[in-house]
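Throughout, residue positions are numbered sequentially from 1 according to the sequence presented.
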Amino acid sequence: MKKLVNNSFFKTYMVLLIGLLLVEVIFKLISGANLLDLSMLRIFLGLNIITTLIAFILNFFNKVVKIVVTSLVLFLSGLYACLQAGFYNFLGVYMSFQTSSQLDAVTDYIKDFLGSFHPTYFLTFIPFVIFLVLLIVFRKHLKDNVSKKWASISSLIILIICVSLYSVTVVNTAFDDKLQSVSNKELFLTASNPSLTVKEYGTLGFCFLDVKAMLFPVVIENEYGVINEIKKDNNEFTRYIDDTAWNMLIEKETNKKYNSLNNYFINRSIASKNEYTGMFKDKNLIVIMMESVNDIFLDPEYYPNFNKLVSEGWYWENNYSPRNSCATMNNEFSGMTSLYSIYNTCTASKYKKNTYSTSMFNLFNDTNYVTFSAHNYTEAYYPRKSIHTNMGSGEYYGVGKLGIKYSSEYRNWSNDDDFLKQVLNIIDKKTSNGEPFMTWLTTVSSHQPYSVSSVQGDKYYNMTKDTKYPTDVRRYMSKLKILDNGLGILIDGLEARGILDDTVIVLYGDHYPYGISTKRLNKVLDYDTSKDLNAERVPFVIYNSEMESKVFSEYTSYINILPTLANLFDLKYDPRLYLGDDLLSKDYESLTVFADGSWKNEMAYYNASKNKIKYYSSNEYSQEEIKRINDMIDTKIKISSDVIKSNYISYLDKELTKINEELDLMRETMCLNTDKEKYNTVVE
């Protein structure tokens with residue numbers, strides 16, 4: 001036994017195993033995760049594999065190298081876990097090597113990022129500190145007893161046992177939670193759901209799987225199976241896609257991925273028309289995605305213009321903008337397409353060459369609207385000029401083309417009041433002949449940082465001098481005031497031009513204000529933002545000066561905006577190709593879906609990362625009902641990912657066009673032959 005304890009391989013193996021396991025335990029504790037579940041067995045086995053390999057390799061080096069490498073491994077593991085905890089707290093997602101711009105978001109706002117850190121996150125360095133202390137205390141007793149043969153045999157035995165058992169926990173569904181919609185095997189292959197992957201494989205496991213997925217991506221052939229939706233039997237909408245052509249495409253298509261998507265979409269049911277269909281037909285549309293706007297903007301004392309739109313329009317009080325990687329652009333993308341963005345990817349940027357005939361711009365283009373889009377900042381973060389153009393925007397205006405003042409310094413943005421003033425001028429130029437228009441606008445003034453002084457953050461800072469609000473909240477509220485002023489300019493400008501009654505304004509927040517802790521947000525809001533993803537709650541408003549005001553309690557998100565507007569404007573569209581739903585349909589299922597597959601409604605909040613459900617009333621779901629919702633969400637997220645990665649909408653357009661041309665030619669030939677027969681009959 002003494003020889004075993006003194007053996008350098010065994011000592012290195014045990015120090016690393018205990019140290020890395022302690023990092024994982026600490027991370028689970030500070031994350032509020034359950035330590036007593038089967039994932040800990042998988043994490044323990046995985047760490048055995050990692051530490052065995054490292055200890056075996058180090059057995060061929062001297063004592064100094066062993067100490068340095070062991071120290072480095074423990075330090076980097078603690079640092080990675082600490083940063084992951086901070087990242088999740090700051091952005092609501094785990095850091096992924098597959099999303100490089102996440103790092104940009106932190107480096108640009110480093111003070112806000114570090115300021116959001118909770119002291120408990122640094123506990124992940126405890127194993128490293130303990131190792132250093134033990135190293136100092138026992139430095140005189142350190143011996144380097146090396147037995148390469150013993151190390152080789154021991155390593156082989158440990159690896160055979162641990163790899164075998166580890167594989168069982170990955171592939172055997174008995175180790176999946178009953179409510180888990182993404183299997184552990186799929187998580188191992190793709191790391192597609194970072195939150196669930198961290199829960200099932202630990203932070204270090206996720207690190208390895210994330211790198212593996214980036215370097216050696218695995219494509220999973222999804223068979224979507226039964227469509228778990230509410231039955232919608234009243235198909236009053238015309239199927240604008242010719243199902244005859246679509247079925248012919250399915251018959252001849254040899255690409256398995258495309259045909260899985262074809263079969264999924266063609267078999268979806270179509271929502272009924274309703275009393276709101278065509279309510280805004282032929283009116284103008286202005287969609288405004290408001291940067292970092294949450295429910296603080298609902299204060300009528302400070303923000304009268306926005307509250308005019310809320311109080312006189314339709315307001316959804318349970319609207320959420322779930323955070324994900326690159327949330328601003330991804331949530332803009334989802335609003336424009338009614339597709340879920342890919343969780344660990346800057347979706348719109350990575351797939352900027354994709355085209356979508358189903359996008360909001362193209363639906364209005366098909367109805368002969370003038371379309372354009374604008375954002376009062378540069379292309380520094382997202383290539384909107386390419387993205388919007390390929391989405392069908394008639395013209396895109398960046399800050400340079402808008403001709404308004406801006407600063408390249410991240411803390412000083414351009415002003416939304418200047419922005420919306422210029423938008424009115426563009427409307428004048430674009431609609432000089434009275435054409436209806438549709439535009440998408442993304443604001444910027446209320447963007448972080450809030451922890452440092454800035455032009456926008458200081459401009460109306462004294463507006464809240466009589467409150468006891470924290471400094472960063474007051475700077476944020478100052479920035480919101482600039483946006484509110486801009487909305488006032490827009491409303492007055494539309495009214496002065498005599499087109500306010502003929503214009504619909506839609507507004508939603510892209511995400512809550514990152515960089516402000518939930519504790520400080522709670523000093524202003526009347527609900528606890530730290531619980532049940534309440535921080536993700538943001539305003540959503542549809543306004544027209546002639547409509548009757550109404551407050552909706554249904555749970556929703558940006559995914560439902562496009563189908564709702566398509567129905568309100570009675571646009572030519574096929575509801576089957578949208579993964580959101582018409583909010584005004586009698587069949588609408590109240591639900592908000594979050595990036596990791598969690599969901600929330602009036603009855604409950606389901607946490608997908610922990611596979612736990614919390615109820616808000618005495619009514620409860622059966623396990624079968626929870627599984628149905630989870631499977632429906634998982635299917636839609638996978639479908640959306642496959643649609644985007646394969647540029648499916650573009651494929652569908654091209655193939656159906658070819659087949660429809662063939663059908664038209666066949667019909668024309670049949671018609672000519674019929675006419676010829678009729679002619680011959682008459683002559684005879």
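Atoms CZ and CG, on Phe569 and Asp282 in that order, are 9.5 Å from each other to the nearest 0.5 Å. Here Leu565 contributes atom CG and Leu285 contributes atom CG; the two are 5.5 Å apart, rounded to the nearest 0.5 Å. Put simply, CG on Asn354 and CD1 on Ile644 are 7.5 Å apart, with the number rounded to the nearest 0.5 Å. In this structure, the separation between CZ on Phe540 and OG on Ser321 is 10.0 Å, given to the nearest 0.5 Å. Note that the OG1 atom of Thr345 and the NZ atom of Lys645 stand 6.5 Å from one another [nearest 0.5 Å]. Here CZ of Arg323 is found 9.5 Å from OH of Tyr343. Values are rounded to the nearest 0.5 Å.
Side chain of Thr371 to main chain of Met438: no donor-acceptor pair is present (N/O by atom type, distance under 3.5 Å, no hydrogens or angles). In terms of modelled atom types and a separation under 3.5 Å, the side chain of Tyr558 and the main chain of Asn319 share no donor-acceptor contact. With Asn567 contributing its side chain and Leu583 its backbone, the two residues share no donor-acceptor pair below 3.5 Å. At distances below 3.5 Å, at least one donor-acceptor pair connects side-chain atoms of Thr592 with backbone N or O atoms of Thr556. Judged by distance alone, the side chain of Asn390 and the main-chain N or O of Thr355 form no donor-acceptor pair under 3.5 Å. Judged by distance alone, the side chain of Asn193 and the main-chain N or O of Asp596 form a donor-acceptor pair under 3.5 Å. The backbone N or O of Glu554 sits nowhere less than 3.5 Å from a side-chain atom of Asn318 that would complete a donor-acceptor pair. Asn362 places no side-chain N or O within donor-acceptor distance of the main-chain N or O of Thr358, the cut-off being under 3.5 Å. Under a 3.5 Å cut-off, the side chain of Tyr397 and the backbone N or O of Phe372 do not form any donor-acceptor pair. A distance-only check finds a donor-acceptor pair linking the side chain of Ser359 to the backbone of Met391 [under 3.5 Å].
Taking the six-membered ring for Trp, Tyr648 and Phe265 have ring centres closer than 6.0 Å. For Trp316 and Tyr588, the distance between ring centers is not under 6.0 angstrom. Between Tyr356 and Tyr351, the ring center distance fails the sub-6.0 Å criterion. Aromatic ring centres of Phe594 and Tyr320: separated by under 6.0 Å.
Using a 4.5 Å heavy-atom cutoff, the side chains of Ile426 and Leu402 are in contact. Looking at Asn331 and Asn324, their side chains come closer than 4.5 Å, going by heavy atoms from C-beta outward. Counting heavy atoms from C-beta outward, Ile270 and Pro575 have side chains that approach closer than 4.5 Å. The shortest distance between side-chain heavy atoms of His511 and Thr328 falls below 4.5 Å. The shortest side-chain heavy-atom distance between Cys346 and Met329 does not fall under the 4.5 Å cut-off. A 4.5 Å side-chain heavy-atom check between Val593 and Tyr340 finds at least one atom pair inside the cut-off. The side-chain heavy atoms of Glu253 and Tyr258, taken from C-beta on, include a pair separated by under 4.5 Å. The shortest side-chain heavy-atom distance between Leu652 and Leu249 falls under the 4.5 Å cut-off.
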- [ ] Apply ring-ring contact (aromatic ring centres under 6.0 Å, His included) to Tyr621 and Tyr606, showing your working.
- [x] CA-CA 11 Å; Tyr621 290 107; Tyr606 175 74; 9.9 Å; no

Task: Full working for side chain to side chain contact (heavy atoms under 4.5 Å, CB included) between Tyr276 and Thr564 - done: CA-CA 9 Å; Tyr276 298 100; Thr564 303; over 6 Å; no

Open item on the list: For Phe280 and Met547: C-alpha separation, side-chain torsions, deciding distance, then whether side chain to side chain contact (heavy atoms under 4.5 Å, CB included) applies.
Closed with: CA-CA 10 Å; Phe280 298 143; Met547 72 195 310; 3.9 Å; yes

TODO: Kindly indicate, with the supporting measurements, whether the criterion side chain to side chain contact (heavy atoms under 4.5 Å, CB included) is fulfilled by Tyr573 and Met360.
DONE: CA-CA 10 Å; Tyr573 77 109; Met360 189 177 296; over 6 Å; no

Open item on the list: For Lys550 and Ile542: C-alpha separation, side-chain torsions, deciding distance, then whether side chain to side chain contact (heavy atoms under 4.5 Å, CB included) applies.
Closed with: CA-CA 10 Å; Lys550 189 172 182 180; Ile542 297 178; over 6 Å; no

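Of all heavy-atom pairs spanning Lys257 and Asn255, the tightest one is N-OD1, 2.9 Å. Taking all atoms of both residues into account, the shortest heavy-atom contact from Asp510 to Ser292 is OD1-N, 2.7 Å. The minimum heavy-atom distance linking Asn544 with Leu500 is given by the pair ND2-O, 3.9 Å. Shown here for Tyr508 and Gly335, the closest heavy-atom pair between the two residues is OH-CA, 4.0 Å. Closest non-hydrogen pair, Ile241 versus Leu577, comes out as CD1-CD1, 3.5 Å. When every heavy atom of Asp416 is checked against every heavy atom of Val444, the shortest pair comes out as OD1-N, 3.1 Å.
Aromatic ring pairs are classed by plane angle as parallel below 30°, tilted from 30° to 60° and perpendicular above 60°; the pair His388 and Phe361 is tilted.
We find that Asp634 and Lys638 are joined by a salt bridge, their nearest charged nitrogen and carboxylate oxygen being less than 4.0 Å apart. For the pair Lys600 and Glu536, the salt-bridge criterion is not met [side-chain N within less than 4.0 Å of a carboxylate O]. Between Glu624 and Lys627 there is no salt bridge, since no side-chain N of the basic residue sits under 4.0 Å from a carboxylate O of the acidic one. Glu589 has a carboxylate O that lies under 4.0 Å from a charged side-chain N of Arg628, or vice versa, which qualifies the two as a salt bridge.
Annotation: Lys385, atom NZ; neighbour count of heavy atoms from other residues, nucleotides and ligands within 6.0 Å does not exceed 12. In Lys212, the NZ atom is crowded: over 12 heavy atoms of neighbouring residues, nucleotides or ligands sit closer than 6.0 Å. Within 6.0 Å of NZ in Lys252 there are more than 12 heavy atoms belonging to other residues, nucleotides or ligands. The 12-atom threshold is exceeded at NZ of Lys401, counting heavy atoms of other residues, nucleotides or ligands nearer than 6.0 Å.
Side chains of Ser590 and Asn601: a donor-acceptor N/O pair is absent below 3.5 angstrom, by distance only.
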